[in-house]
Amino acid sequence: MLLGTVLLLFLLGTAAPASAHAALDGTDPGDGAVLERAPAHVTLTFSESVGLRDDSFRVLDPGGHRVRTGEAGRADGRADTARVALPGGLGEGTYTVAWRVVSADSHPVSGAFTFSVGAPSRSAAPVDPGPTEDPLTAILHKTARYLSYLAVALLVGTAVFVALCRPPDPAPLRRPLVAAWWTLLAATVALLVLRAPYEAGTGPSAALDPAALGDTLTTRPGALLLTRLGLLVPVGAYLARTARARRGSTRPAAGVGVVLAVALALTWAAAEHAAAGPQVPVAMASSVLHLLATAVWLGGLVALLTTLRASRSAPGAATVVRFSRTAFAAVTVLVVTGVYQSWRGLGSWQALTATTYGRLLLAKVVLVAVLLGAAAVSRRWTAALVTTPAAVREPARVPERVPQPAGGRPPTEAPRPSDAGPGPGAGTGDTAAGAALRRGLYRSVLVEAVVAAVVLGVTTVLTATPPGRSAEGAARAAVPAGGVLPASVTTIPFRIGASGRGTVQITLDPGRTGDNAVQAVVFGPDGSLAAVPELRLAFTLPDQEVGPIEADLVDRGGYWSANTLTLPLPGTWTMKATVRVSETDQVSETRRLRVDR
C-alpha cells in the first residue's frame with residue numbers, strides 16, 4: 001500500500017495521450033508572414049487528427065469584414081489537417097484567420113493568426129478566435145460528465161460486488177443499481193444534446209436545434225454517445241434477469257455481463273483521451289481496464305456501505321473479506337494502467353508544476369493518499385471482524401418458537417431482538433462488541449466513499465484539461481519555423497494640440513523575456529508619418545516592482561528604434577510612451593503588455 005501511495009500519483013482518469021487536445025503544429029501561410037501575392041488556400045496542421053465544423057474557419061479582411069471562403073476540408077486527405085479555399089483578388093493588407101476544430105479526444109480547440117498580402121496594414125482586424133466556451137453550457141456539460149462517471153462506477157461496481165462478494169441479502173443493492181442505470185441514461189442524453197453548443201461555444205439553448213443534433217449524430221463523439229444509449233437497453237435487461245435469478249430463475253452467464261461492461265467502457269475510451277496520440281490500441285485497452293477497475297473499487301465501496309447500513313447484523317465476514325481482496329486487485333490494475341497513462345500524458349516532471357494538468361495531478365495525489373489511508377483503516381476493521389469469534393460478530397439467533405412439554409402451556413414466541421435492548425448486539429457484551437466492529441467498519445468505508453467521490457470530481461476536470469505534454473507541444477508550436485518568435489505590436493493613440501490625434505505603433509520583437517528589439521513609428525492625424533522632436537518608452541512590472549526600464553530609442557529618420565531592450569521577467573508590463581510634439585509640449589500614454597517566457 002505504501003508503494004501504491006507513491007504510484008497513485010498517476011491514478012484514476014489520467015488516460016491522456018501524448019498530444020490530447022490537438023496542438024497547432026503549423027500554418028500555411030505562416031503567422032505574421034508577408035506575401036507578395038494572395039494565397040489560394042489557408043492550411044492548418046495539427047499534432048493529431050481533428051474534426052471539422054461548418055464554421056471551422058473565419059477569415060477577416062483588413063477592415064474587419066468576413067471574407068467568403070470555401071467549405072473546410074483536408075490537405076491531401078490527411079486527418080490531422082484543415083484547409084479552406086480563399087477567393088481570388090484579395091487586396092493588400094493584413095488578414096486575420098480565426099479557426100475552431102474538435103480534437104480527437106472530443107474537446108474543441110480554437111485560435112487565430114494573421115498574414116499580410118503586399119504589406120502589413122497599419123492596424124489589422126482584432127484577432128478573435130471566437131468564443132472558447134459558454135459558461136452555462138460548460139457547467140452543464142461538466143456536470144453531466146461527472147454524473148456519467150459516477151453512474152457507471154456505481155452500476156458496474158455494484159453488479160461485480162453482488163457477483164463476486166456474494167452478500168447474504170442482495171436486495172438492498174437493487175435500488176442503487178436502478179438509480180445508477182437511470183442516472184447514466186439521463187447523463188448520456190444530456191451529453192448528447194449539449195454536444196453541439198459545447199463544440200460551438202454557444203449557450204445551451206442551441207441544444208434545441210434539431211439540425212445541430214442531427215449534425216452531432218454524424219460525428220464520432222455523437223455516435224459513441226448514441227451507442228452508449230443503445231447498450232443501456234441490454235444492460236438493463238441483464239440486471240433484471242440477474243434479479244430474477246436470485247428468486248429462482250435461470251442465472252445469466254457471467255460472460256455476458258463482462259462483455260457489456262467492456263462495451264460500455266469502450267464508449268468512454270474511444271471518445272476521449274485514449275483515442276488520440278501514439279500507441280492507441282494499448283492506450284484504449286489500458287483506458288478500459290482503468291475505468292472498470294475504478295468502477296469495481298469505488299462502486300464496490302458504495303455497495304459495501306449500503307450492505308453494512310441495511311444489515312442489522314454483520315453482513316458476513318466472508319463477504320467483507322471477498323471485497324477486500326477484490327478491491328486490492330482493482331487497485332493493482334489502477335496503479336499499472338495509471339502509471340502508463342500518466343507517463344503518456346504528462347511528458348516531463350517539469351509539467352507537474354508548470355501546467356494546469358500537472359497541478360491537478362498533484363492535487364489528486366493528496367486526495368488519493370487520504371483515500372488509501374481510509375482503505376488501510378478499513379482493512380484493519382476487516383481483519384478484526386474476521387478474527388473475532390462468530391458469537392461476537394453476530395447476535396445469537398433465538399428460535400422463533402420454543403418447544404414445550406406435552407400437556408404444558410402452548411408454545412410462545414421468543415422475544416424479538418428489539419425487546420432485548422436498543423439494537424442487535426446490545427443485550428450482551430459479545431453482541432455489543434460485534435456492533436462496535438460493524439460501526440467502525442461502516443464509518444471507515446463511508447470516509448472512503450466520500451473521498452472517492454471527490455477524487456472522481458477531480459478526475460472529471462483532469463480529463464478535460466490539456467495534458468502536460470500537449471501544453472508543451474502547443475507552446476513549441478507557437479514558435480514559427482526557424483525559431484523566430486512573432487513580434488508584439490501595440491498601437492497607442494495620443495492627442496496633438498486641441499483637436500488633432502496621432503498614434504504611435506510600437507513593435508517589440510520577439511515580445512518575450514530577455515533581449516528585445518524595439519521599433520516605433522509615429523503617425524499624424526491624417527495617417528502619414530510624423531516627425532517628432534523626441535520619443536521615449538519606459539517599461540515597468542508593478543507586480544514585481546521592476547522598472548522603469550528605459551528603451552534607448554534613436555531617431556532613424558522616419559522611425560525610432562532600440563537594438564536591445566531587456567525584459568527580465570514574464571508578466572503584465574506597463575508600457576509608457578512619451579511623445580514630445582513640440583519644443584514645449586509633450587503627451588504621455590500607457591498600455592498594458594503581456595510578456596511571456
Side-chain angles (χ1 to χ4, degrees), residues 31-34 94 112-114 116 119-127 354 475-476 478-480 482-597:
D31 187 9
V34 179
T94 300
F113 66 96
T114 63
S116 300
S121 303
R122 280 189 49 209
S123 60
V127 179
R476 288 192 298 269
V479 182
V484 180
L485 292 167
S488 168
V489 179
T490 305
T491 301
I492 303 179
F494 64 91
R495 182 174 296 277
I496 302 176
S499 59
R501 298 186 66 86
T503 57
V504 181
Q505 182 174 292
I506 302 162
T507 302
L508 197 64
D509 188 7
R512 303 283 177 128
T513 56
D515 293 339
N516 288 264
V518 182
Q519 290 186 353
V521 182
V522 182
F523 296 94
D526 60 353
S528 61
L529 294 177
V532 295
E534 186 181 13
L535 176 63
R536 299 194 305 273
L537 289 178
F539 296 80
T540 59
L541 184 59
D543 293 344
Q544 302 292 334
E545 298 183 354
V546 175
I549 299 175
E550 297 281 349
D552 188 16
L553 293 177
V554 177
D555 188 356
R556 305 293 183 183
Y559 70 97
W560 299 73
S561 70
N563 291 331
T564 302
L565 170 71
T566 303
L567 300 179
L569 297 173
T572 302
W573 289 73
T574 299
M575 178 171 60
K576 180 180 179 181
T578 301
V579 183
R580 184 178 296 278
V581 296
S582 68
E583 293 298 330
T584 58
D585 298 322
Q586 70 178 30
V587 61
S588 297
E589 296 289 343
T590 61
R591 286 291 184 274
R592 295 173 70 83
L593 176 69
R594 179 67 189 178
V595 176
D596 296 320
R597 293 187 182 277

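If you read the sequence from its start, that first residue is 1, and numbering goes on from there. Computed from heavy atoms alone, side chains included, the values below leave out hydrogens, waters and symmetry copies.
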Sorted by chain and number, sequence neighbours left out, side chain to side chain contact (heavy atoms under 4.5 Å, CB included) with T572 holds for R592, R594

Spatial distance of atom CZ (R591) from atom OG1 (T574) [nearest 0.5 Å]: 11.5 Å

Report yes if the side chains of T566 and I549 come closer than 4.5 Å at any heavy-atom pair, otherwise no. no

Does E550 have any side chain to side chain contact (heavy atoms under 4.5 Å, CB included) partners at least two apart in sequence or in another chain, and if so, which? A538

On a heavy-atom basis, the closest approach of W573 and L541 is CE3-N, 3.7 Å

Which distance, rounded to the nearest 0.5 Å, do you find between the CD1 of I506 and the CG of L535? 7.0 Å

Evaluate the criterion side-chain contact (heavy atoms from CB on, under 4.5 Å) for residue pair L593 and F539; output intermediate values, then yes/no. CA-CA 9 Å; L593 176 69; F539 296 80; 4.2 Å; yes

